[in-house]
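I have placed the structure first, in the form of structure tokens, so that the comments after it can refer back to it.
Letters A, B, ... mirror the listed sequences (proteins, then strands); counts begin at 1. Scope of the values below: all heavy atoms of this structure, side chains included, with no hydrogens, waters or symmetry mates.
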2 protein chains.
Amino acid sequence: MARARTGPEPQYLKVKNHLREGIARGHWVAGDLLPSEAALSLEFGLSRMTVNRALRELHQEGLVQRVQGVGSFVAQLERISATLTVRDVHEEIQQRGHRHEARVHRLTSVAASPAQAALLDVAPGQTLFHSLIVHMENGVVIQCEERLVNPQCAPDYLAQDFTRTTPTHYLLQVAPLSEARWSIESTLPSAQEARLLHIERSEPCLVLRRTTYSRGLAVTWVKLTHPGSRYFLQGSFQA
Amino acid sequence: MARARTGPEPQYLKVKNHLREGIARGHWVAGDLLPSEAALSLEFGLSRMTVNRALRELHQEGLVQRVQGVGSFVAQLERISATLTVRDVHEEIQQRGHRHEARVHRLTSVAASPAQAALLDVAPGQTLFHSLIVHMENGVVIQCEERLVNPQCAPDYLAQDFTRTTPTHYLLQVAPLSEARWSIESTLPSAQEARLLHIERSEPCLVLRRTTYSRGLAVTWVKLTHPGSRYFLQGSFQA
DNA sequence: CAGTGGTCTAGACCACTGG
DNA sequence: CAGTGGTCTAGACCACTGA
């Protein structure tokens, strides 16, 4: 997807880069007023629409603050944002050129406890699917995946072979993703998790919890537990 | 900044929402070909530019895959992305309506060890600034901030009063942010960190490491250590 | 070749801001 | 009021794809 144009650099990108570099070099600092669309149109000899696109995209990227009737300003970068991408384990491991294996420790239906019911926003006692799967990279356990699934959204969940596909992959096919809420924390593993991950109960774990919604319904809740010594998240932020 | 228009919904948003809902409802599923710009122009009675904007923005948001000469497709959402925002501690605590306090335990210059030199991409032995600050929310320690700073980028770093401003805030003023690389992991604290955070050495911590660049130079490296029991990251993903 | 998306123009009308 | 950004049009030319 990276831009692979053969032709010359688009004009709107020239404007974007001009402003981006000016900001990066400190020519304009946070809070400064940038040239207006009209001024940039003249300076670059472009139509206003083209300049507008450059400024609009910088705004979408959070680098520029725009106020109708006033002007465009360099944004206060008090927050540092980055895109956190949570990939499907299978895909992530394969991309590293490694071998992925999964062991299904549990795949059953349960009557929702009050706590479980709250996670998926259903009534206590309602039937839910519950799975517990351990994922291995080249034979080493790196993730323990405990999951609750709303049967309404994926009635055939229990019939899947999760040594051949992953719950994430299956559920995304069955129920198009519309929203997700997640959290990341650091905790000690439960006795069961320690056993499944082959670690001591004293080894810290990176835990990712996520609830996924489709068409306004909570489809699934998942807790992904990783040994802290074998897993971390990373990313970068540009501009 | 949230859209607060008084007038009617813009046309390009109508098209965006139409497509977004179709995807969320499963009318089109991952890999499906969406109507062409020309088709949508006719359907909605809009110019191609307006429809183009709708599709382009959906592409930028990762929901749609576009191939020149072929068409626009519903993207494979194998990855779940979210914007991870790392805020300035001070701002984060104030936003919760709480009181922020900082204690400066170290603020000195050091000769870079080989390991430290590598973090900021300078020569070993070069002078670096080293700070160790503890941040408290309503009197409770929630973050231990260890930082290395390149003196070239912030020569007056040692003269700042970090009980009144934060290093993040100061450095963003002095050296405009152009790039950052970060990682998140779960580890046990060092003896020093445990002491500063008032926790046992057996309590897991959420650790955020980040290197920040300005004008191509590494400005600062920071390690933010949080007690796992008192801190976690969270976020959401839409569309 | 016809159909797609990628870009660009030279206008236009509007809503909003500040003096 | 003049100046700003927000949106929209009806064309245009181009690069790319697949038949």
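Taking the six-membered ring where the residue is Trp, the centroids of A/His90 and A/His169 are separated by 6.0 Å or more.
Whole-Å rounding puts the A/Gln65 CD to C/dC16 P distance at 17 Å. Rounded to whole Å, the distance from NZ on B/Lys16 to C1' on D/dT7 is 14 Å. Between A/Leu42 atom CG and C/dT9 atom P the separation is 13 Å, expressed in whole Å. Residue A/Glu37 contributes atom CD, which lies 17 Å from atom P of C/dC16 at whole-angstrom precision. Atom-to-atom, CG of B/Leu40 to P of C/dG3 comes out at 16 Å; the value is rounded to the nearest Å. Taking atom CG of A/Asn52 as the reference point, atom C1' of D/dT9 lies 14 Å away to the nearest angstrom. Summarising the geometry, the separation between CG on A/Leu46 and C1' on C/dA10 is reported as 13 Å, rounded to the nearest angstrom. Rounding to whole angstrom units, CD of residue B/Gln68 and C1' of C/dG5 are separated by 5 Å.
Side-chain N/O atoms of A/Thr50 include none lying less than 4.0 angstrom from OP1 or OP2 on C/dT7. Checking the phosphate oxygens (OP1, OP2) of C/dT7, a side-chain nitrogen or oxygen of A/Arg53 falls inside 4.0 Å. The phosphate of D/dG6 (OP1 or OP2) has a side-chain N or O of A/Arg66 nearer than 4.0 angstrom. Considering only side-chain N and O atoms, B/Tyr12 lies under 4.0 angstrom from the phosphate OP1 or OP2 of D/dT7. Look at B/Ser47 and you won't find any side-chain N or O under 4.0 angstrom from OP1 or OP2 of D/dA10.
A salt bridge links A/Lys16 to A/Glu57: at least one charged side-chain nitrogen sits closer than 4.0 Å to a carboxylate oxygen.
Neither side chain, B/Arg48 nor B/Ser41, offers a donor N or O lying under 3.5 Å from an acceptor on the other. Judged by distance alone, the side chains of A/His130 and A/Glu146 do bring a donor and an acceptor atom under 3.5 Å apart. Between the side chains of A/Glu9 and A/Asn17, at least one donor N or O lies within less than 3.5 Å of an accepting N or O.
The ring-ring contact (aromatic ring centres under 6.0 Å, His included) test applied to A/Phe73 returns no partner, not counting sequence neighbours.
Below 30°, between 30° and 60°, or above 60°: for B/Phe44 and B/His18 the angle between ring planes is above 60°, a perpendicular geometry. Using cut-offs of 30° and 60° on the angle between ring planes, the pair B/Tyr231 and B/His226 is parallel.
Comparing B/Ser36 and A/Met49 against DNA chain C, the residue whose closest nucleotide sits nearer the 5' end is B/Ser36. When each of A/Val51 and A/Val70 is assigned the nucleotide of DNA chain C bearing its nearest heavy atom, the one mapping closer to the 5' terminus is A/Val51. Take the nearest nucleotide of DNA chain D for A/Arg56 and for A/Gly71: the residue whose nucleotide is more 5' is A/Gly71.
Two end axes, each from the C1' atoms of five base pairs, can be drawn for the helix from C/dC1-D/dG18 to C/dG18-D/dC1; they diverge by 10°, to 10 degrees.
Looking at the side chain of A/Ser72, the nearest of the listed nucleotides C/dC8, D/dG5, D/dT9 is D/dG5. Listed candidates were D/dT17, D/dG5, C/dG5. Nearest to the side chain of B/Arg48 is C/dG5.
Counting non-hydrogen atoms under 4.0 angstrom, B/Leu55 reaches nothing in the nucleic acid.
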